[in-house]
Amino acid sequence: MRKVLFWVFLAMVLGSLIALNPSTPWAQARGPIKIGFITPLSGGMAANGKDMLAGFQLYLEEIGYQVAGRKIELFVEDDEATPATGLTKTRKLVEKDGVHVMSGGLMASTGYALAPYIDSKEIPMTYPIMAPDDLTQRQRAKWIVRTGWNSSQPNHPFGEYAYNVLKFRKIATMSLDYAFGWENVGGFQKTFEEAGGKIIQKIWIPLTVTDFSPYLAQISKEADAVYAMFTGRSALQFTKQYQEFGLKGRLPLIGGGTTTDEHALPSMGDEAIGIITALHYSEVLDNPANKKFVKAFREKAKKAASYYSEGTYTGARWIIEAIKAINGDVENRPKFMEALRKVELRDVPRGNFRLDDYGNPIQNVYIRKVERVRGELQNTVIYTYPNVSQFWKYKPEEFLKQPVYSREFPPLKP
Amino acid sequence: MKDLLASKTRTIALSLAFLVLVLMPPFYSSYWITLLTQMLIYGILAMSLDILIGYTGLSSFGHAGFFGASAYVVAILSTRYKMGFVSCLVGGIGVATAISMIFGLLVAHATGVYFLIITLALGMVLWGLAFRWVTMTGGDNGISGIPRPDLGLPLSLKDPLTYYYMILVFFLVCLILMAIYVRSPFGHSLKGIRESESRMRVLGYHTWLHKYLSYVSAAAFGSVAGVLWAYFDGFISPYNMDLTASIEIILMVILGGPGTLVGPALGAGIIVFLKNFISAYTQRWLLILGTIYILTILYAPQGLVNLIRDWLKGGEKKTELKGIV
């Protein structure tokens, strides 16, 4: 008993010594460039998070953790896919580790939570994955650049595609009940209904659910198809249970891109075949940059390259290009921020993209269908919408007059 | 040596705490100050739960619900209605206490595992409300952008150090109030209920009322922590009040030592510190945290503070919950 106490006591002494240690001075003028990165490494979204981290590290390894004559130091923190933890960990990275630039984050809700803090601290941050619509629409953040996408972006063209090409008329949606899901479904509903279709029901499912049968039982008999938006663990479980429920052959399944994204796809079975989704990336995109990236990523991570890994790989490259442009002078934060907004990248795995005036990428949207090729499941691209903006075909000023997509908007038509 | 240590422990502990909490903060970096602020806020929360666990002998699995409820009230009042600090403070504590008065009617007759299950369910009700009442709470997005309060003083509370000292004052006031509360005759009758409710009832005590008031007062003190947290973090979401959050508070109490007030505050400090600290060094930090919890249960089930007390008393006598305070 006393031995245990001794060790506890020792740990406490050590702890307080570290606590009493006065602040480490901010990075010396030409010390290493510190990049902070948050991502979920535990919990139901860990698969996505590990892809994100591997993609980010892959690019930094390619350049040997060195840019503009300065070393790069990467600080990684687990945000557990919860906004509160994300905020705590970001605060730690900014205030304790003194990072020069922040990146990462998975959940759209985390994106909304971080923005006020980032703006108040004036720390440049990029969002390679987090896709909440409003951060490049109605509540633009001054210190955040988004190199990923926004939730409704691929769903605007996809709504039209579902009506015009897939010929669906009545669709039921099933989605995770949080901002990312609302915005995916909202974007899809808007264009699908404007094309002439009708969303007959919207089923919202809490993030913690593992048994989907009560929700699957609610699907209306009138539906021509089901639109599903899941990610991480839930994507695997949902598609599996959709088949077990006997719905697979009867009711076509389409959905948001993350539902069949490659972070989960290799773990799925035949139940995934035939699902059609829309996203700005697919592992099998046929361009040299992507082939090189996929080969390198598969070697490093020993798994398929997902949009998450491409997003952070390209996101890391984005940050590095900005640092190059200012010659490594990251201490000058306004200048750094300006450089981050001006980056232009060519030969990106997902196809080229550029930022619009609101700070969101204009990029290709791919309609993908899951097929089994040479024994592996893949997202075969069946149609490409080139250069899609977050506002689709609408005028930005007109579009911004409507509220942000939510649980209640757009409402179900009677 | 040990006798000397025993007689001086209180002095040593107090002067150490004074040094670390009052004198030294101006020399810490802003990160350590925010970490200390978090420790103190969670300290208030853990102490408030100690009223229930340590003094009344009732383990509540829904305590984070009150923390969250008052934080949400502050978030809504300050972002949507631009209300000042005092009205938010009163509003937050008022709403959470009112909820606990209603919940108390349901839980106060229960004990043991039944109490645990009912409080768990009610805690989940509050969590569900935060999650699903989207128009009011923002659902999963939570509410962000809660401004630091403006007290009309020349000092800005946006500065981590000033805010820290404000929290410290709140912490001390809560600590003193709770210490008076548990040492009062009423507090002693709570301890009586902890030891034997039937005996207390036979002695003529209205035990239902005692448990009810204990539950409400724990919630009221806990809601103070919620108010301070909302202002501190600038953000509140359902994750702050889910089951995991409630269990974490219980672990703080157990780790520090139930029935000692300062123990749970110490436990809160240690857990907040570990959560923020280990994660920087390893991805397996949840494993380490889990190991610490298991070690606590195995080797120090009476908590650190009680463990130290036993050791100073000579080691052969183990504190039963009976002998505390």
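Chain letters run A, B, ... following the sequence lines, proteins first and then strands; every chain starts at 1. Worth knowing before you read on, the calculation uses all heavy atoms, side chains too, and leaves out hydrogens, waters and symmetry mates.
If you run side chain to side chain donor-acceptor pair (under 3.5 Å) between A/H100 and each of A/K34, A/E73, A/E331, only A/E331 comes through. B/M241 pairs with exactly one of B/F66, B/F67, B/Y72 by the side-chain contact (heavy atoms from CB on, under 4.5 Å) rule, that one being B/Y72.
Aromatic rings from B/W127 and B/F131 are positioned such that their centres are separated by under 6.0 Å.
Looking at residues two or more places apart in sequence or on another chain, you find a salt bridge (Lys or Arg N to Asp or Glu O under 4.0 Å) between A/D177 and A/R407, B/R132. Listed by chain and number, the residues in a salt bridge (Lys or Arg N to Asp or Glu O under 4.0 Å) with A/R233 amount to none (sequence neighbours excluded). Annotation: ring-ring contact (aromatic ring centres under 6.0 Å, His included) contacts of A/F230 (sequence neighbours excluded): A/F212, A/F238.
Note on A/K92 versus A/E77: salt bridge recorded, some NZ/NE/NH1/NH2 to OD/OE distance being below 4.0 Å.
Chain B forms the most heavy-atom pairs under 4.5 Å with one residue out of A/Y117, A/W182, A/F75, and that residue is A/W182. Per-residue heavy-atom pair counts under 4.5 Å with chain A were compared for B/G139, B/S144, B/P238, and the maximum is reached by B/S144.
In this structure, chain A has no heavy atom under 4.5 Å from any part of B/K158. Contacts of A/A46 with chain B are absent, with no heavy-atom separation under 4.5 Å from either backbone or side chain. Interface remark: B/N141 contributes backbone and side-chain atoms alike to the contact with chain A (heavy atom separation under 4.5 Å).
Residues A/T259 and A/A235 share a closest heavy-atom pair of O-CB, 3.5 Å.
Residues of residues 228-235 of chain B lying under 4.5 angstrom from chain A, judged on non-hydrogen atoms, are B/F232, B/D233, B/F235 by number.
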